[in-house]
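For reference, the structure is listed below as structure tokens.
Side chains included, hydrogens not; waters and symmetry mates left out as well; all remaining heavy atoms used. In this chain, residues are counted from 1 in sequence order. Indexing begins at 1, ligand by ligand and atom by atom, following the structure's order.
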Amino acid sequence: MMRVLVLGGTTEARLLCHALEARASGFTAILSLAGVTRAPVLPRLEVRIGGFGGAQGMAQWLSHNRIAAVVDATHPFAARISANAVAACAQAGVALVRVERPAWAPGPDDRWDMVPDMAAAARAIGPAPRRVLLTIGRKDLLAFRDLAPCGHVWLVRSVDAPDPALLPVGARTVLARGPFDVTAEEALLRHEGIDLIVTKNSGGAATVAKLAAARALGVAVIMVERPVLPHATVVGDADHAMAWLHSRAIIQEGSTLREV
Ligand SMILES: NC(=O)c1ccc[n+]([C@@H]2O[C@H](COP(=O)([O-])OP(=O)(O)OC[C@H]3O[C@@H](n4cnc5c(N)ncnc54)[C@H](OP(=O)(O)O)[C@@H]3O)[C@@H](O)[C@H]2O)c1
């Protein structure tokens, strides 16, 4: 059976693991998680948790565990692990595919300000007092905490509680895990009087409802664009990752037969 490593932490990784769990999948798969989410949803597959120790550590781990293929199904903003996967697979001679869900794109009724990174997002809020919904996760709050006080009112939404030391002054937090629906998102925006959402261009269905709600209510959005990742073979979803794995298995089988 071909041994596969799935780098996870996303819906796509969960769906792929579900397909790989099937007895007849033809693969032995291990899911790798960073260990940053307090109560991750775990598959029935073998799971390893925690960093590899950079690209070098991952390359060694791949060789030691006789991994034949890696599926990088991490979040589009998890740039370090994706870059490490490219370097480690090249070093260890292991096939790699990245699952990249399509980015969100604005429609004619959207009021989006596209910015390249979190620092630019913080600057784009401007000096006039705003009621801001920050949905950027827990890691990147510093850029907003360090803004000069302008009377902004902050609501921070994340899966796990953020470090209070990273929060802008007076910020309130709401803990929630998607998927979210448009009616509830509209109700939240109305109830909190939100006039600006700051978000990453994560793409996907689970957290897109806030954008539909913003469109319906005329709420402005600051959209942080995705980091640029090193070149890799890319597929758009878990089904295509599974098809890619099957194609790799055929190639591997062919080369084993040639060796015999
Ligand atoms: N960034 C986001 O917005 C976001 C959103 C939802 C989910 N996630 C998930 O949360 C995890 C961490 O995200 P991040 O932005 O902190 O990543 P990151 O900045 O790219 O990675 C930081 C370090 O965490 C370790 N790591 C990350 N993902 C790993 C995985 N799946 N298995 C083992 N080690 C991993 C690696 O440590 P070593 O160098 O020691 O190997 C990596 O160098 C990712 O797996 C991602 O899929 C991220």
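The parts of I81 lying near ligand 1 are both backbone and side chain, judged by heavy-atom distances below 4.0 Å. With a 4.0 Å cut-off on non-hydrogen atoms, T37 does not touch ligand 1 at all.
In terms of polar-atom proximity, defined here as any N/O pair under 3.5 Å, G53 does make such a contact with ligand 1. Checked against a 3.5 angstrom limit, the closest N/O atoms of G54 and ligand 1 fall inside it. Every N/O-N/O distance between S82 and ligand 1 stays at or above 3.5 Å. In terms of N/O distances under 3.5 Å, ligand 1 is not approached by A73. At a 3.5 angstrom cut-off on N or O pairs, H75 counts as close to ligand 1.
Here the CG atom belonging to L229 is positioned 5.0 Å from the OG atom belonging to S82, to the nearest 0.5 angstrom. If you take CG on L211 and OG1 on T199, they are separated by 6.5 Å, rounding to the nearest 0.5 Å.
In this structure, V6 is not a member of the same hydrophobic cluster as V234, with clusters built from ILVMFWY side-chain heavy atoms closer than 4.5 Å. Linking ILVMFWY residues whenever their side-chain heavy atoms come closer than 4.5 Å, directly or via other members, places V221 and M114 in the same cluster.
Heavy-atom contacts of R48 reach the following atoms of ligand 1: 33 (C) (cutoff under 4.0 Å). Contact atoms of ligand 1 toward G50: 33 (C), 34 (N) (distance under 4.0 Å to a heavy atom of the residue). For ligand 1 and N84, the ligand atoms under 4.0 Å from any heavy atom of the residue are 39 (O), 43 (O). Ligand-side atoms of ligand 1 in range of A79: 20 (O), range being under 4.0 angstrom from any heavy atom. Short contacts between ligand 1 and K139, defined as distances under 4.0 Å to a heavy atom of the residue, involve ligand atoms 14 (P), 15 (O), 16 (O), 19 (O).
In terms of protein heavy-atom proximity, atom 17 (O) of ligand 1 is closest to A78 CB, 3.5 Å. In this structure, the protein non-hydrogen atom closest to atom 45 (O) of ligand 1 is G8 O, 2.8 Å. For atom 26 (N) of ligand 1, the closest heavy atom belonging to the protein is A34 CB, 3.6 Å. Of the protein's non-hydrogen atoms, G9 O, 3.8 Å is the one closest to atom 9 (C) of ligand 1. Nearest to atom 10 (O) of ligand 1 among the protein's heavy atoms is V36 CG2, 3.8 Å. Closest to atom 41 (O) of ligand 1 among all protein heavy atoms lies F52 N, 2.6 Å.
Residue pairs meeting the side chain to side chain donor-acceptor pair (under 3.5 Å) criterion with at least one member in residues 31-46, sequence neighbours excluded, are E21-R44, S32-R48.
In this view, R14 satisfies the salt bridge (charged side-chain N to carboxylate O under 4.0 Å, His left out) rule with no residue, not counting sequence neighbours.
For the side-chain contact (heavy atoms from CB on, under 4.5 Å) test with R3, the passing option among V94, N65, L62 is N65; the others fail.
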Kindly indicate, with the supporting measurements, whether the criterion salt bridge (Lys or Arg N to Asp or Glu O under 4.0 Å) is fulfilled by E12 and R98. CA-CA 11 Å; E12 288 76 8; R98 184 157 67 223; over 6 Å; no

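The nearest non-hydrogen atom to atom 23 (C) of ligand 1, considering only R80, M58, K200, R138, comes from R80. Nearest-residue assignment for atom 25 (C) of ligand 1 (options G51, G35, S32; heavy-atom criterion): G51.
If you look at W154 and H152, their ring centroids are closer than 6.0 Å.
Ion pairing between a basic and an acidic side chain is recognised when a charged N comes within 4.0 Å of a carboxylate O; E186 and R215 show no such pairing. Checked for salt-bridge contact, E225 and K200 miss the test: no charged N lies under 4.0 Å from a carboxylate O. Between R130 and D195 there is a salt bridge, with a side-chain nitrogen of the basic residue lying less than 4.0 Å from a carboxylate oxygen of the acidic one.
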